[in-house]
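Please read the structure below before turning to the comments.
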Amino acid sequence: MSKMKIRKACIDPHSSQQNVYIYENKKEQYIVVAIPYLEWSIYVSYDDFVHIESRLQQSLANVLEEEHVSPLAMKLAQWMREM
């Protein structure tokens, strides 16, 4: 079974709330998160879930200023766990 959720997040103080797309494929055991505003996405297998926050921080650091990376990574990790 697959499902997608759309959440809203304030990416940085200069932007309004942006859509965050979270897709989970339970059969193949992975989650994809995408933020079109940042032109960013990440694929995470269930096996990689143990280190999800650090993976998100490393990836987001490529597209965001440093002070915005950690809060967004924590929020995304929480939403991914809720799936």
Side-chain angles (χ1 to χ4, degrees):
M1 177 172 177
S2 301
K3 61 182 175 179
M4 178 177 289
K5 289 193 176 187
I6 302 171
R7 303 278 192 194
K8 297 272 189 189
C10 190
I11 306 300
D12 60 53
H14 309 295
S15 72
S16 59
Q17 289 201 341
Q18 302 296 324
N19 286 340
V20 176
Y21 299 88
I22 306 170
Y23 171 79
E24 180 180 27
N25 186 315
K26 288 187 178 189
K27 182 178 178 184
E28 296 182 28
Q29 299 185 337
Y30 68 86
I31 294 178
V32 175
V33 179
I35 304 174
Y37 172 78
L38 297 175
E39 297 182 6
W40 174 88
S41 64
I42 190 169
Y43 168 98
V44 181
S45 71
Y46 284 5
D47 294 336
D48 293 338
F49 235 68
V50 176
H51 309 288
I52 188 61
E53 283 188 37
S54 62
R55 289 245 356 249
L56 289 167
Q57 287 179 1
Q58 289 172 348
S59 182
L60 287 167
N62 296 318
V63 296
L64 269 180
E65 295 175 18
E66 185 177 339
E67 65 267 17
H68 306 300
V69 169
S70 185
L72 183 57
M74 289 174 21
K75 188 179 302 185
L76 294 175
Q78 177 185 351
W79 288 340
M80 293 169 76
R81 289 183 190 108
E82 291 173 358
M83 295 292 285

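A quick note: this is a predicted structure, and the numbers were derived from the prediction, not measured.
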Without swapping roles, check the side chain of [X] against the backbone of [Y] for a donor-acceptor pair under 3.5 Å.
{"X": "K75", "Y": "C10", "answer": "no"}
{"X": "R7", "Y": "L76", "answer": "no"}
{"X": "Q29", "Y": "K27", "answer": "no"}

So how far is it from [X] [atom1] to [Y] [atom2], rounded to the nearest 0.5 Å?
{"X": "S54", "Y": "D48", "atom1": "OG", "atom2": "CG", "value": "9.5 Å"}
{"X": "Y30", "Y": "F49", "atom1": "OH", "atom2": "CZ", "value": "13.5 Å"}
{"X": "E53", "Y": "R81", "atom1": "CD", "atom2": "CZ", "value": "5.0 Å"}
{"X": "M80", "Y": "K5", "atom1": "CE", "atom2": "NZ", "value": "13.0 Å"}

Q | Within 6.0 Å of CD in E66, more than 12 heavy atoms from elsewhere | A | no
Q: Give a yes or no on whether E82 atom CD has more than 12 heavy-atom contacts from other residues, nucleotides or ligands under 6.0 Å away.
A: yes
Q: Taking all heavy atoms of L56 and all of A73, pick out the closest pair and write down the distance.
A: CD1-O, 3.5 Å
Q: Compare every heavy atom of A61 with every heavy atom of V69, then report the nearest pair and how far apart it is.
A: CG2-CA, 3.8 Å
Single-linkage hydrophobic cluster, 4.5 Å side-chain cutoff, [X] and [Y] together:
{"X": "Y23", "Y": "I42", "answer": "no"}
{"X": "V32", "Y": "V44", "answer": "no"}
{"X": "W79", "Y": "I35", "answer": "yes"}
{"X": "V63", "Y": "V20", "answer": "yes"}
{"X": "M74", "Y": "L72", "answer": "no"}

Taking the side chain as every heavy atom from C-beta outward, state whether [X] and [Y] have any atom pair closer than 4.5 Å.
{"X": "N19", "Y": "K8", "result": "yes"}
{"X": "P36", "Y": "Y21", "result": "yes"}
{"X": "I52", "Y": "I31", "result": "no"}

Q: Decide whether E24 and Y46 meet the rule of one side-chain donor and one side-chain acceptor closer than 3.5 Å.
A: yes
